[in-house]
Number of protein chains: 2
Amino acid sequence: MVDIYFSTHYICGMLINELSKKTGISVHTIRFYEKSGLIEGKQNEAIKSNNYFHYNEVTVDKLAFISDAKSVGFTIKEIGQIIDTWYNKKYTKKQKLKILDDKLISLEQKLKEIKEMKKKIFLLKEDVVNNRC
Amino acid sequence: MVDIYFSTHYICGMLINELSKKTGISVHTIRFYEKSGLIEGKQNEAIKSNNYFHYNEVTVDKLAFISDAKSVGFTIKEIGQIIDTWYNKKYTKKQKLKILDDKLISLEQKLKEIKEMKKKIFLLKEDVVNNRC
DNA sequence: ATCAACCATAGAGCATACTCTAATGTTGTA
DNA sequence: TACAACATTAGAGTATGCTCTATGGTTGAT
């Protein structure tokens, strides 16, 4: 009988391979994100035979967010900023709100540009349909 | 008195420096786009003393389009495809429509993702406002 | 004890999209 | 004719975001 409250898994969370499988992000890329400061694992002080990093569900959430944020065109730096408004004490409340408002503005801008591009492509399509080009 | 109908400018359009000033895109970047196949200048057969390239208003339009298309996240390759549905005989009508439809679908997808990200950032902002993180 | 499957770090390599430098030739105005 | 301001090509360098390789140690099932 194993006391789950003292199992390695319960205390330390998952290792990088499990995190990779859970998120669909490669081990290499996860390490790259860790080096870039977007996520961080913890080493268990009690275990001295290895220096393995352990990750929790917060990291899973962060990686899901990173994927989404990359899709909308945010850079690693920008994603780091947003994540730091989240769990981090790096910024004051005022700074956090400024960062988030800036991102909302840039998303609004992207929305506008994409709608305009849709119109342009649509007009181009009309020209093709009507043999005008 | 200069006969403008025979002036170099009228026949050949502008040189790269003027194109750069007109579009706000650097000479280097314009050359990069030309190497990438997005635009093309023409050399004047009649002038043998130099090998200068001449550009017309179509190129100005193309460069404006390239800037917009880059903003919405299209790659050079994708932009090339779109431009080739435009003035080019490289594709059949059917192929052109396929390319443009694909782009419309990807723009629709981007629109969706950005709207979702706006919601996420908005909720995050609420958390900051209410001191929940 | 062996061995596949994991873990770590350091650093090289790659694709994209520029951005710049070097070397050299041309044009047009003073 | 001098010279600043243009033009050309070839290729090197930079930033971003991965992606992979090398090397070596650890874990866990047989």
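By convention in this document, chain letters (A, B, ...) are assigned in the order of the sequence lines, proteins followed by strands, and residues within each chain are numbered from 1. Fair warning: this is a prediction, and the values are worked out from it, not measured in the lab. Computation of the quantities below employed the complete heavy-atom set of this structure, encompassing side-chain atoms and omitting hydrogens, waters and symmetry-equivalent molecules.
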Scan the side chains in residues 93-100 of chain A for donor-acceptor partners under 3.5 Å anywhere in the protein, sequence neighbours excluded, and list what turns up.
{"residue": "A:Lys93", "atom": "NZ", "partner": "B:Val129", "partner atom": "O", "Å": "3.0"}
{"residue": "A:Lys93", "atom": "NZ", "partner": "B:Asn131", "partner atom": "OD1", "Å": "3.2"}
{"residue": "A:Gln95", "atom": "OE1", "partner": "A:Thr92", "partner atom": "N", "Å": "2.9"}
{"residue": "A:Gln95", "atom": "OE1", "partner": "A:Thr92", "partner atom": "OG1", "Å": "3.4"}
{"residue": "A:Lys96", "atom": "NZ", "partner": "A:Asn88", "partner atom": "O", "Å": "3.2"}
{"residue": "A:Lys98", "atom": "NZ", "partner": "A:Asp102", "partner atom": "OD1", "Å": "3.2"}
{"residue": "A:Lys98", "atom": "NZ", "partner": "A:Asp102", "partner atom": "OD2", "Å": "2.9"}

Original post:
Short question: side chain of B:Lys110, backbone of B:Val72 - any donor-acceptor pair under 3.5 Å?
Top reply: yes
Considering only distance and modelled atom types, tabulate donor-acceptor pairs under 3.5 Å from the side chains of residues 20-27 of chain A, sequence neighbours left out.
{"residue": "A:Ser20", "atom": "OG", "partner": "A:Ile25", "partner atom": "O", "Å": "2.7"}
{"residue": "A:Lys22", "atom": "NZ", "partner": "A:Glu57", "partner atom": "OE2", "Å": "2.8"}
{"residue": "A:Thr23", "atom": "OG1", "partner": "A:Leu19", "partner atom": "O", "Å": "2.8"}
{"residue": "A:Thr23", "atom": "OG1", "partner": "A:Ser20", "partner atom": "O", "Å": "3.4"}
{"residue": "A:Thr23", "atom": "OG1", "partner": "A:Ile25", "partner atom": "N", "Å": "3.3"}
{"residue": "A:Ser26", "atom": "OG", "partner": "A:Thr29", "partner atom": "N", "Å": "3.0"}
{"residue": "A:Ser26", "atom": "OG", "partner": "A:Thr29", "partner atom": "OG1", "Å": "2.9"}

Original post:
A:Leu38 CG to D:dT16 P: how many Å, rounded?
Top reply: 13 Å
Original post:
Mind checking whether B:His54 and B:Gln43 have side chains closer than 4.5 Å, heavy atoms only?
Top reply: no
Original post:
Do A:Lys62's NZ or CZ and the ring of A:Tyr55 fall within the cation-pi criteria of under 6.0 Å and 45°?
Top reply: no
Original post:
Any side-chain heavy-atom pair from A:Lys115 and B:Leu111 closer than 4.5 angstrom?
Top reply: yes
**OP:** Rounded to the nearest angstrom, tell me the gap between atom CD1 in B:Ile30 and atom P in D:dC6.
**Re:** 14 Å
Original post:
Side chain of A:Ile16: nearest nucleotide among D:dT9, C:dC7, C:dC6?
Top reply: C:dC7
Original post:
A:Glu18 CD to C:dC6 C1': how many Å, rounded?
Top reply: 13 Å
Original post:
Over how many whole Å does the gap from A:Asn17 atom CG to C:dA5 atom P extend?
Top reply: 11 Å
Subject >> For atom CD1 of B:Ile76 and atom P of C:dT19, their distance in whole Å >> reply: 11 Å
Subject >> B:Glu126 bridged to B:Arg132 by N-O distance under 4.0 Å >> reply: no
Subject >> Whole-Å gap separating C1' (D:dA7) and CD (B:Glu34) >> reply: 13 Å
N/O contacts under 3.5 Å, protein versus nucleotides 19-24 of chain D?
{"residue": "D:dC20", "atom": "N4", "partner": "A:His28", "partner atom": "ND1", "Å": "3.3"}

**OP:** Enumerate the residues from residues 56-72 of chain A whose closest heavy atom to DNA chain C is under 4.0 Å, giving them by residue number; use none for an empty result.
**Re:** none
Original post:
Can you tell me how far C1' of C:dA5 sits from CE of A:Met14, to the nearest Å?
Top reply: 19 Å
Subject >> Verify same cluster id: B:Phe65, B:Tyr33 (apolar side-chain graph, 4.5 Å) >> reply: yes
Could you pull out the protein-nucleic contacts involving nucleotides 13-15 of chain C (nitrogen or oxygen on both sides, under 3.5 Å)?
none

Subject >> B/S/- contact track for nucleotides 24-30 of chain C, protein heavy atom under 4.0 Å >> reply: -BBS---
Original post:
Taking atom C1' of D:dG17 as reference, at what distance in whole Å does atom CD1 of A:Ile79 sit?
Top reply: 10 Å
**OP:** Please check if the side chain of A:Asp68 supplies one atom and the backbone of A:Ser71 the other of a donor-acceptor pair under 3.5 Å.
**Re:** no
